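Structure first, then comments.
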Protein chains: 2
Amino acid sequence: MLTISRETDYAARVILHLALQPTGSRSTARQIAELRIIPRALVRRIVTRLATAGLITTARGGDGGITLARPPTEITLLEVVEALEGPVALNICTVEPNICPLMPACTVHEAWVDIRDTLRANLARITFAALAQKGGASSPDTTAR
Amino acid sequence: MLTISRETDYAARVILHLALQPTGSRSTARQIAELRIIPRALVRRIVTRLATAGLITTARGGDGGITLARPPTEITLLEVVEALEGPVALNICTVEPNICPLMPACTVHEAWVDIRDTLRANLARITFAALAQKGGASSPDTTAR
DNA sequence: TTATAATGATACCAGATCGGTATCAATCAA
DNA sequence: TTGATTGATACCGATCTGGTATCATTATAA
Ligand code: FES
Ligand code: FES
């Protein structure tokens, strides 16, 4: 099944949660885990990835927590996916062209590249500001039916 | 790395090869493996998958071999991908919506679905007739530099 | 100073997947 | 009968996956 990993899905939930909080406020991994129903230890691992990717800022200590490193208008779904998955390749030969021994004659290659490019463009078109506006709740139970 | 499996790449090569052969002629797994540089046993496994998916027709015995089940104008990249990978889900929650416990409030869900849909549409837009016309050679060495 | 609560960094685990190989049976033409 | 083909499995080691656990580090607050 051509799909992102579970962790990447969780990461999108984490960023969406942060985008829904008031600007400047900090959330803790524990809070996010409970509210967004993600295993606590996984949130920790995901936060590490997102932090080294530069998408979020973390603060240690008693009053520590997590906050977005940039305004949600400038964080796209593509960035989250690539922070967790690595490159959106679609086919490895789009990233390492020398692995296909048929390279000059292989006409499928162009197709993979084209489709990959528009896939990336579509992922980059989605900002978390847009997702946050779309009726999200700052804590999910508020609007749950 | 968000990518199809190696087998799926091979499968595309196999179908492209068949699309480049004269209509009605049969290729053997051995030939395809050598010409398209795929491990022989893998071609066998891939052929099985493609056959049960209805994309190719196989014939056993001495003069046996493999041929397309339909004209290449009617075989798309999407069909090949889904024959090998299963559904193009992008995120599992687009296929099994009940696994996301935040379902009604999760605004990311729509994004996954939309992007998945256009990805599928783009894969479905590519026919192997088009790929075959695009300068492919019936055996790759012919045009290799 | 001490207690507490948070992140950083690893290490570990069982199970699934991946890429590849191997084997034997069934089929068909020569 | 022989040989070449596909069908169907079974197997292998390596890697990935989803999840858990542990200890160190940092910072706030009593
Ligand atoms: S170059 Fe990508 S499949 Fe050949
Ligand atoms: S429904 Fe897909 S991530 Fe929530």
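Lettering of chains follows the sequences in order, A, B, ..., and the numbering in each one begins at 1. Remember, predicted model here, so these are calculated numbers, not experimental data.
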> Hey, what do you get for CZ (Arg30(B)) to CZ (Arg44(B)), rounding to the nearest 0.5 Å?
Replying inline: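 Result: 10.0 Å between the selected atoms.
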> Hey, what do you get for CD1 (Ile38(A)) to CG (Leu102(B)), rounding to the nearest 0.5 Å?
Replying inline: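 So the CD1 of Ile38(A) and the CG of Leu102(B) are separated by 7.5 Å.
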I want to check one thing: is the phosphate of [N], taken as OP1 and OP2, less than 4.0 Å away from some side-chain N or O of [X]?
X	N	value
Arg30(B)	dT5(D)	yes
Thr48(A)	dT7(C)	no
Tyr10(A)	dG18(D)	no

Below 3.5 Å, does any donor atom in the side chain of [X] face an acceptor in the base of [N], or the other way round?
X	N	answer
Arg6(A)	dG19(D)	no
Arg44(A)	dG8(C)	yes
Arg60(A)	dG8(C)	no

For atom [atom1] of [X] and atom [atom2] of [N], their distance in whole Å:
X	N	atom1	atom2	value
Leu42(B)	dT23(C)	CG	C1'	16 Å
Leu50(B)	dA8(D)	CG	P	14 Å
Leu84(A)	dT17(D)	CG	C1'	13 Å
Met1(A)	dT17(D)	CE	C1'	13 Å
Ile92(A)	dC18(C)	CD1	C1'	12 Å
Gln31(A)	dT7(C)	CD	P	9 Å

>> When you compare the side chain of Arg6(B) with that of Asn91(A), does any pair of heavy atoms fall below 4.5 Å?
In response: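 Asn91(A) vs Arg6(B): side chains touch.
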Tell me which nucleotide among [options] gets nearest to the side chain of [X].
X	options	result
Thr58(B)	dT20(D), dT7(C), dT6(D)	dT6(D)
Ala41(A)	dA6(C), dT5(D), dA21(D)	dA21(D)
Arg45(A)	dG19(C), dG19(D), dT6(D)	dG19(D)

